[in-house]
Undergrad: 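Sharing a structure here in structure tokens format.
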Amino acid sequence: MFAHREAVTFFETALSLSTGLNTRERADLLDALARAAWHVGDRNISESAWSEAHGLFAQLNEPGKISEILRYRSVTAFYHGDHEQAFALLQAALGALCGVPPGAALALALSALARLHQYQGASRKP
């Protein structure tokens, strides 16, 4: 846990000091920050960083990365009790992959959707 907290600090510092980053570099750095923050449970930082990274990956036409970010955000929403948002984010993750040949990104998104249905069903049982 300590290593992830240190990583958050490192990535935040890198973002604040970095000038002249291209779109890809900034998107990757934001994604790394979001993942580190996600691991320590800092939803505010992870959501903010992923939101900006999502827009940058959209500019770069990276549907796989967009889908990946939306999957992580879906898990976060689910664990915070927002099941409706979790499903909406996964639907968006699948939508981001429209027109992309089937592959790992699609398999991961479908697997995440199946797990959400499973968890939601399990949480409704007496």
Undergrad: Between S48 and N44, is there a donor-acceptor pair closer than 3.5 Å when you use the side chain of the first and the backbone of the second?
TA: no

Undergrad: Which residues satisfy the side-chain contact (heavy atoms from CB on, under 4.5 Å) test with S16, sequence neighbours excluded?
TA: none

Undergrad: When you group the ILVMFWY residues by side-chain heavy-atom contacts below 4.5 Å and let the links chain together, are L89 and V100 in the same group?
TA: no

Undergrad: Going by heavy atoms in the side chains, are E6 and F2 under 4.5 Å from each other?
TA: yes

Undergrad: Just grab all the side chain to side chain donor-acceptor pair (under 3.5 Å) pairs involving residues 92-102, residues at least two apart or on different chains.
TA: none

Undergrad: Using the six-membered ring wherever Trp is involved, compare the ring planes of F78 and H83 and label them parallel, tilted or perpendicular (cut-offs 30° and 60°).
TA: parallel

Undergrad: Which atom pairs, one a donor and one an acceptor, fall under 3.5 Å between side chains of residues 50-66 and the rest of the protein, sequence neighbours left out?
TA:
residue	atom	partner	partner atom	Å
W50	NE1	D31	OD1	2.8
E52	OE2	R26	NE	2.8
E52	OE2	R26	NH2	3.1
E62	OE2	R24	NH2	2.4
K65	NZ	D31	OD2	2.7

Undergrad: Output yes when a side-chain donor or acceptor of S74 lies under 3.5 Å from a complementary backbone atom of L70, and no otherwise.
TA: no

Undergrad: Listed by chain and number, what are the side-chain contact (heavy atoms from CB on, under 4.5 Å) partners of A32, not counting sequence neighbours?
TA: F11

Undergrad: Quick one: salt bridge (charged side-chain N to carboxylate O under 4.0 Å, His left out) pairs with a partner in residues 70-83, sequence neighbours left out?
TA: E47-R73

Undergrad: Pairs of donor and acceptor atoms involving the side chains of residues 102-116, under 3.5 Å and at least two apart or interchain, shall be tabulated with distances.
TA:
residue	atom	partner	partner atom	Å
S111	OG	R115	NH1	2.8

Undergrad: Is a donor on one side and an acceptor on the other found under 3.5 Å between the side chain of S46 and the backbone of A34?
TA: no

Undergrad: Using side-chain heavy atoms (C-beta onward) and a distance below 4.5 Å, is T13 in contact with L17?
TA: yes

Undergrad: Is the shortest heavy-atom distance from the side chain of E25 to the side chain of D28 under 4.5 Å?
TA: no

Undergrad: Parallel, tilted or perpendicular for Y72 and W38, by the 30°/60° rule?
TA: perpendicular

Undergrad: Looking at S67 and A96, what are the two nearest heavy atoms and their distance?
TA: N-CB, 4.3 Å

